[in-house]
Amino acid sequence: MDYVSALVPPVVMAVFFIGVIRVIVKTQGGANKAKEDAAVDAVLARADGARQASDA
């Protein structure tokens, strides 16, 4: 039974990792892509504006 308890944590982590990868792949693109891109662009523009304001 020691081998079962030794194998359970790596198996659980592998299943969790595969699940995370599937979620990441499924959420790329599609209907949410434009919304996510717009949010990232807004954050980058805000950071760039703050940097330029601090330089002046």
Side-chain angles (χ1 to χ4, degrees):
M1 288 306 282
D2 288 337
Y3 63 91
V4 173
S5 62
L7 289 176
V8 168
V11 170
V12 170
M13 290 301 292
V15 169
F16 178 74
F17 182 72
I18 290 169
V20 168
I21 297 300
R22 287 187 63 191
V23 167
I24 290 171
V25 169
K26 287 176 80 173
T27 58
Q28 297 299 308
N32 292 331
K33 183 167 177 39
K35 185 169 43 173
E36 292 170 358
D37 288 346
V40 169
D41 289 341
V43 169
L44 291 175
R46 185 181 305 155
D48 190 39
R51 186 174 50 89
Q52 288 178 356
S54 67
D55 289 344

For Val20, the rest of its hydrophobic cluster, which grows through side-chain links under 4.5 angstrom: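 Members alongside Val20: Phe16, Ile24.
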Shared-cluster residues of Leu44, by chain and number - hydrophobic side chains joined below 4.5 Å: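 Besides Leu44, the hydrophobic cluster comprises Val40, listed by chain and residue number.
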Salt bridge (charged side-chain N to carboxylate O under 4.0 Å, His left out) involving Asp37 - partner list, sequence neighbours excluded: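 Here the qualifying residues are Lys33.
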Shared hydrophobic cluster, Leu7 / Val15 (ILVMFWY, side-chain heavy atoms < 4.5 Å):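 The answer is no; the residues belong to distinct hydrophobic clusters.
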